[in-house]
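In what follows, a single structure is set out as structure tokens and then discussed.
Just so we're on the same page: letters track the sequence lines, and every chain starts at 1. Quantities reported herein were computed from a predicted structural model and do not represent experimental measurements.
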Number of protein chains: 2
Amino acid sequence: MRPSKREELIEKSLFVFDQNGFHATGMDLLSAEIGMSKTSIYNHFRTKEDLIVEVLRLQDEQFRNWLLRRMYDLGTANHGGPREQLLAMFDALDEWFNHDNFNGCLFLKATGEYSDHEHPIHRQAIEHAEMFEIQLLALVKKASLRLPELVTRQLLILKDGAVSAAQVGHINSAAKDARYAAQCLIDTHDTSKRKPVQTSFAF
Amino acid sequence: MRPSKREELIEKSLFVFDQNGFHATGMDLLSAEIGMSKTSIYNHFRTKEDLIVEVLRLQDEQFRNWLLRRMYDLGTANHGGPREQLLAMFDALDEWFNHDNFNGCLFLKATGEYSDHEHPIHRQAIEHAEMFEIQLLALVKKASLRLPELVTRQLLILKDGAVSAAQVGHINSAAKDARYAAQCLIDTHDTSKRKPVQTSFAF
DNA sequence: AGCAAAATGAACAAATCGGTTTAATAACTC
DNA sequence: GAGTTATTAAACCGATTTGTTCATTTTGCT
């Protein structure tokens, strides 16, 4: 059929939900905001929750595509390798944080508003986190770091923490602060360098 | 007057809002959940938002008190100093994460649901973050670390990131992962140790 | 016991919620 | 250009939203 209208609906809904929150955004407001009749919306989606799930699916795809692409572009600029790409994640985040429409992580907000772990919206958010972890782990392994799973989870913590800090704390050195921390972690686990800080752990 | 009833109302509301979210919790449900008539609730608070602000104020006080106290108790157990107290933050977080009622950070959820930066609820969440940063900075300074402001912000990022990871990612090594990362950061900024960061290739 | 304050349940109001219906219009296909 | 399909605005539905009113009961104080 014609995917453009439906895709446009999801895309615009993504923006409104991101700015206003899920429960706080009524379907009448949404309809007015995205310039599409409520009848049409409900012609494309059975329920509001179905729409939200699709919104999260789109955001999952868009966000991972954007971030990984940006990591690659920024990281390989000066003949950088996997290590530079990992660090470039925080440069990309910095761009995001300083964007006008930055309003925190949509997935985190989704789990906050739909706290039931079995709720489709909640599960969609978890799925996003899992898929990004897989992709990040692949890059960490390319960087030849010790304990790649641990480092991956730590980098994810730094990323999520930076997002939270940027959302709640007006001041924004969050991305840079996280970058320094990541540098420290990566150096510590670099196999081409000496210095394992302390006794290893089994993971 | 008699503070116990009002305090009890705030305390129970805190639990319900934490589990259900703010917009998703109607006043009728709240009334039923905390076992107090709606009339009485509105006798104590003019609006729902006023109640939420007070809930966040209580959570601010309770959370900071609990975390700092727990950091002190756990950190000074084996004759530990400020450094051990800082690391103990993540042990305390681990306890929190594994608690039955853990449902993420209430302040983050508040900023997510009330995204207007000037909204009293949003401001209350920001205020909490600022106050905890001040207290953590004091402890970091006692630990005699280089660049104490930076390290403080980085520890906060690790904390918030661990909370996010524990909320969205079911699996919970978040607190431990963040602890190792913090250890790495603290060691790197320890004035009593040599700096192992850059090209220290000494075998 | 007696009095005043506090708490209650239930009904009520006005607005909004998610979602449906309908009749008319716009747009694409053959 | 005819016919199908998609889209529209607006009215409508019952349930729920925040918040109020009021008459009754419970409570705390002396």
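The distance from atom CD of B/E113 to atom C1' of D/dT17 is 15 Å, rounded to the nearest whole Å. Rounded to whole Å, the distance from CG on B/L30 to C1' on D/dT18 is 12 Å. In this structure, the CG atom of B/D50 is 11 Å from the P atom of D/dT20, given to the nearest Å. The separation between B/K5 atom NZ and D/dT27 atom C1' is 10 Å, rounded to whole Å. Rounded to an integer number of Å, the gap from A/F17 CZ to C/dG18 C1' is 11 Å. If you take CG of A/L51 and P of C/dC17, they are 15 Å apart, rounded to a whole angstrom. To the nearest angstrom, P of C/dA26 lies 18 Å from CG of A/N43. Atom NE2 in A/H44 sits about 12 Å away from atom C1' in D/dT5, given to the nearest Å.
Backbone-only engagement by B/T25 is indicated by non-hydrogen atom pairs under 4.0 Å involving sugar-phosphate atoms exclusively. Nucleic acid contact for B/D28: base, since at least one base atom lies under 4.0 Å from a heavy atom of the residue.
Along DNA chain D, the nucleotide closest to A/M36 and the one closest to B/M27 are compared, and the more 5′ of them pairs with A/M36. Residues B/T39 and B/Y42 both approach DNA chain D. Their nearest nucleotides, taken by heavy-atom distance, put B/Y42 toward the 5′ side. Residues A/F45 and A/A24 both approach DNA chain C. Their nearest nucleotides, taken by heavy-atom distance, put A/A24 toward the 5′ side.
Aromatic ring pairs are classed by plane angle as parallel below 30°, tilted from 30° to 60° and perpendicular above 60°; the pair A/H128 and A/F63 is perpendicular. Using cut-offs of 30° and 60° for the angle between ring planes, the B/W96 and B/F102 rings count as perpendicular. Using cut-offs of 30° and 60° on the angle between ring planes, the pair B/H119 and B/Y114 is tilted.
For the atom pair CG (A/L156) and OG (B/S164), the distance works out to 11.0 Å, reported to the nearest 0.5 Å.
Look at B/S37 and you won't find any side-chain N or O under 4.0 angstrom from OP1 or OP2 of C/dG9. Taking side-chain N and O atoms only, B/H23 has no distance below 4.0 Å to OP1 or OP2 of D/dT17.
Contact of B/K38 with C/dG9 (side chain to base): no donor-acceptor pair of N or O atoms is detected under 3.5 Å.
Remark: the backbone N or O of B/D177 is paired with a side-chain donor or acceptor of A/Q154 at under 3.5 angstrom.
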